[in-house]
Amino acid sequence: MTRYFPKEIEEKWQKEWQEQGIYKFDLEKGSKGKYYNLVELPYPSGDLHLGHWFAFVPADAHARYKRMSGYRVFFPNGFDAFGLPAENAAIKRGIHPKDWTMKNIETMTGQFATMGTMIDWDYSAITCLPEYYTWNQWIFLKMFEKGIAYRGKALSNWCPVDQTVLANEHIEGGRCWRCGSEVVQKEVEQWFLKITDYADELIWSQPPQAQWPRQVREGQNNWIGRSEGMLLNFEIVEKARKDNKNKEYIQVFTTRPDTTDGATFLVVAPEHKFVAKILAKEISEYVRKAQRKTEMERKEDRVKSGVFTGKYVINPVTGKEIPVWVSDYVLAGYGTGAIMAVPYADERDREFAEKFKLPIIKTSFKAKPKGEKKINYHLRDWSISRQRYWGTPVPIVHCRRCGLVPVPFKDLPVELPYNVDYTPKGKPPLATDEEWLKVKCPRCGTEGAKRDAETLDTFFDSAWYFYRYVSPHFGDLPFDKSKVSELMPVDVYFGGSEHTLGHTLYARFFTKFFKNLGLVKFDEFAKKRVQHGVILGPDGNRMSKSRGNVVNPDDVVREYGADTVRLYLCFMMPYEATSPWSSGAISGIYRFLKRVWDLGEKIEKVDLTVSDLTMMHKTIKKVGDDLNTFQFNTAVAALMTWLNYLSVKKVSKEEYETYLRLLAPFAPHIAEELYHSKVLSANSVHLENWPQYQDKYLVEEMLQIVVQVNGKLRDTIGIQNSEVKNQNYVQDRAVNSERVAKYLNGQNIRKVIYVEGKLINFVV
RNA sequence: GGGCGAGUGGCGGAACGGUAUACGCGAUAGUCUCAAAAACUAUUGGCUGCAAGGCCUUGAGAGUUCGAAUCUCUCCUCGCCCACCA
């Protein structure tokens, strides 16, 4: 009797599968339609961690199940290879970001192999290679052409350590999501994408067009934050002026124009242009103080502060003069940067009014001021400029005569030069490379024009990578339209909840832009989104090096084998849950696989009883249904239950063969090994069909009927399946049960509820 | 403050409105062993009882129902995301 040595068989089969190419994607092979199985592409940080395993393994089990069920499953993967961490690591260690990144990709690709997935690496994309980022530039130029990409100036989140602008989405509690330093506000000229043009299209309709989790749909809708309201003009009171000409106004945005009669003062943001005109010392001091505050401090500082400007405006509904105040609780970036304060109806306004003793009067909620209807969005245009080296160069030339000139398509790519001093200096690293920087203007031919020295946000790269996968070497367009129409949209997109407001929203935006260009025909790039949870450290905290609670998958694989790790990840929690790793529980999984292994020794020639068949067919159904609906934990539990059943009886070859097919998506190596050595098959288990269950075997011969009196369980009785339709028979049997008779005890039976094959309840 | 979600054994977690605690971990006892590990067998929600059994139990409380972990309402606690968005 051989023992289960995972290491040997796993390495053997990984090699064999590779050589035989059993996972090569073939659109022609399979009885059913295509199935695009996608997992968020990983960042090449150095090593695969447990999070990667948790993202990919259940997704792989799902893909394998779909493939065995006859779908033509497309499961590619790539690397999101540009970005700050490479640059920071490179600066720290003195290695070039490209070398660091490519080395990590090599390491991680090797680690991926140990996972035993069916990923077909012939379809892949590495975003830092010119073959990929050429098409970033192409898309950018199309966006520039359509006015979606534009150069603008804006107060921006600036990370002083990383020396770059940050998108709103990348600030966590006022700090840079990468380095954790405090973000400050700085006026910077930069490239934007007009995602706000698509704000309405990006709002999820009711009912949704695609199967995305409610949490994501609601989250995105809130982030887009559409609000309908009105722009109202408040005339500035100018005592010196006699005539009616040249009136000046402060414009406010409100969603409740009906409360205008309760507006007893106006508040403007410190950055508002009205404030700059007032020269009072007190005011400029307040403004300076507010501007010096970091985002962090403004948020922490819940006590309202402010100063009176000394100016008044006229409430258009009441005609009364009301004072204008400055306060930083009004945001410069939203609406018009000025509000009418209705302390009676708005809690924040009331707080302010109470603190500064301003009048609070009742509103009728019936006011009808004149104004322009206006829809405001919380969503801002997406800042894509990064003043860093390791990214896609912006394909624009700055010419003194022509201004912003796009690099002609035929001259793409604008390659990222290798030898550049990329240590932070307060200006983009590419701007220090004079030789690269200086070009002739592509439009007028003037010498001394300059390339744009900024690089694109890496979220630009990842907003469309899944299109590239289908034709990774295509040279005419970002992707082969015919391939995309065959394989897209993605059927299921696995990933983490941290991408609700960033990545997945951008990806949807790009798809809508592609549709406008006529490149695709669908509205959503993914039909279904499945979000996994987080594996915490054994101590229940998030894994971190500083806590010392990090579990390294390589170590666990070395101890138990990949199949055990895979099965454990599927079994220990629902896919969307966040739960701690348990080093005890994984040994139970290893024990389980050893029992599956040993069961192979027991195969005999035996006839299957009806209950054997029922058990088998029920398990086939349960495991298949659960794999289909991403309930991996209960699928594994069903396999365990069947194993417990098989362990105490004689096992037929048919049962064992079926067992291995059901196990194959979860534990591909051991299933393959036993399929050859014990079932004596010449074929790979992974090329077999998923077993079919038959309805006739799903019902047990003897049914256990629950007998209740007044809804309380009093007995269970066994009834032949053939008799369950006969209520009188069942009722007779139930009444005659001693334990039930005790409770009925001659009382009047007022009502009998019979649920066929399940339960009978006497109401007395 | 807003949104989404969750509260079930010692732990991770199962349960189309119909036998709550599947499956796994852990624990206890036993078999095997010189011993230990491994493996195997049995027990394992609580209270009560010699036992048969009885009663209670899904964060708290109410409601709907023949019947509620599941549906409704109120409250409490926790998690995630967003947040002075007018």
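Letters A, B, ... mirror the listed sequences (proteins, then strands); counts begin at 1.
Checked against a 6.0 Å centroid threshold, the rings of A:W382 and A:F192 do not count as neighbours. For A:Y575 and A:F630, the gap between ring centers reaches or exceeds 6.0 Å. Checked against the 6.0 Å centroid threshold, A:Y568 and A:W581 count as a close aromatic pair.
RNA chain B lies under 4.0 Å from at least one heavy atom of each of the following residues of residues 620-637 of chain A: A:N633, A:T634, A:A637.
For the 3.5 Å distance criterion, the side chains of A:T504 and A:Q220 qualify, holding a donor opposite an acceptor. For the residue pair A:S611/A:Y645, the side-chain donor-acceptor check at 3.5 Å is satisfied. In the model, A:T196 has no side-chain atom that pairs as donor or acceptor with a side-chain atom of A:R380 under 3.5 Å. With no hydrogens or angles considered, a side-chain donor-acceptor pair links A:Y329 and A:D349 at under 3.5 Å.
Ionic pairing of A:R226 and A:E228 is present here: one or more N-O contacts between side-chain nitrogen and carboxylate oxygen are shorter than 4.0 angstrom. Using a 4.0 Å cut-off between a side-chain N of Lys or Arg and a carboxylate O of Asp or Glu, A:E700 and A:K618 qualify as a salt bridge. Between A:K602 and A:E655, no side-chain nitrogen of the basic residue sits less than 4.0 Å from a carboxylate oxygen of the acidic one, so the salt-bridge criterion is not met.
Mapping A:M640 and A:A577 onto RNA chain B by nearest heavy atom places A:A577 closer to the 5' end of the strand. Between A:G333 and A:S582, the residue whose closest nucleotide on RNA chain B is further toward the 5' end is A:S582.
Here the P atom of nucleotide B:A86 and the CZ atom of A:R350 are 17 Å apart, to the nearest Å. With rounding to whole Å, A:R214 atom CZ is found 11 Å from B:A6 atom P. The separation between A:W581 atom CH2 and B:C11 atom P is 21 Å, rounded to whole Å. One can place CZ of A:F592 at 22 Å from P of B:G12, the figure rounded to the nearest angstrom.
At B:G24, one or more side-chain N or O atoms of A:N644 fall inside 4.0 Å of OP1 or OP2 (strictly under the cut-off). Applying the 4.0 Å criterion to OP1 and OP2 of B:A39, one finds that A:R591 has a side-chain N or O inside that range. Of the side-chain N and O atoms in A:K758, none sit less than 4.0 angstrom from OP1 or OP2 of B:G18.
Other residues, nucleotides and ligands contribute only 12 or fewer heavy atoms inside 6.0 Å of the NZ atom of A:K7. Counted within 6.0 Å of CD on A:E756, heavy atoms from surrounding residues, nucleotides or ligands total more than 12; the atom is thus considered enclosed. Heavy atoms from other residues, nucleotides or ligands lying under 6.0 Å from NZ of A:K194 number 12 at most.
For the P atom pair drawn from B:U33 and B:A37, the interatomic distance equals 15 Å after rounding to whole Å. Distance check on atom P: B:G61 versus B:A69 gives 13 Å, rounded to whole Å. Comparing B:A15 with B:A20, their C1' atoms sit 7 Å apart, to the nearest whole Å. Distance check on atom P: B:C75 versus B:C82 gives 27 Å, rounded to whole Å. A gap of 34 Å separates the C1' atoms of B:U28 and B:A60, to the nearest Å. Across the C1' atoms, B:U8 and B:A68 are found 14 Å apart, a figure rounded to whole Å. Remark: the separation of the P atoms in B:U64 and B:G54 is 28 Å, to the nearest Å. Spacing of P atoms, B:C56 relative to B:G67, comes out at 15 Å, to the nearest Å.
Closest approach to the A:F571 side chain among B:A86, B:G67, B:G12 is made by B:G12 (side chain taken as heavy atoms from C-beta onward).
Stem analysis of RNA chain B (at least three stacked-register Watson-Crick or G-U pairs, each with both distances under 3.5 Å) gives B:1-7 with B:76-82, B:10-12 with B:23-25, B:26-31 with B:39-44, B:45-48 with B:53-56, B:59-63 with B:71-75.
Residue contacts shown for A:G225 are absent, as no nucleic acid heavy atom lies under 4.0 Å away. No contact: A:G335 has no heavy atom under 4.0 Å from any strand. Using a 4.0 Å heavy-atom distance criterion, A:N222 is classed as a sugar-phosphate-only contact. Heavy atoms of A:P574 sit under 4.0 angstrom from primed sugar atoms or phosphate atoms, though from no base atom. Across all strands, A:Q708 comes closer than 4.0 Å to base atoms (heavy-atom distances).
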List, with names and distances, any nitrogen or oxygen atoms from the protein found under 3.5 Å away from nitrogen or oxygen atoms belonging to nucleotides 49-58 of chain B.
{"unit_1": "B:G54", "atom_1": "OP1", "unit_2": "A:Y743", "atom_2": "OH", "d": "3.1"}
{"unit_1": "B:C56", "atom_1": "OP2", "unit_2": "A:K712", "atom_2": "NZ", "d": "3.1"}

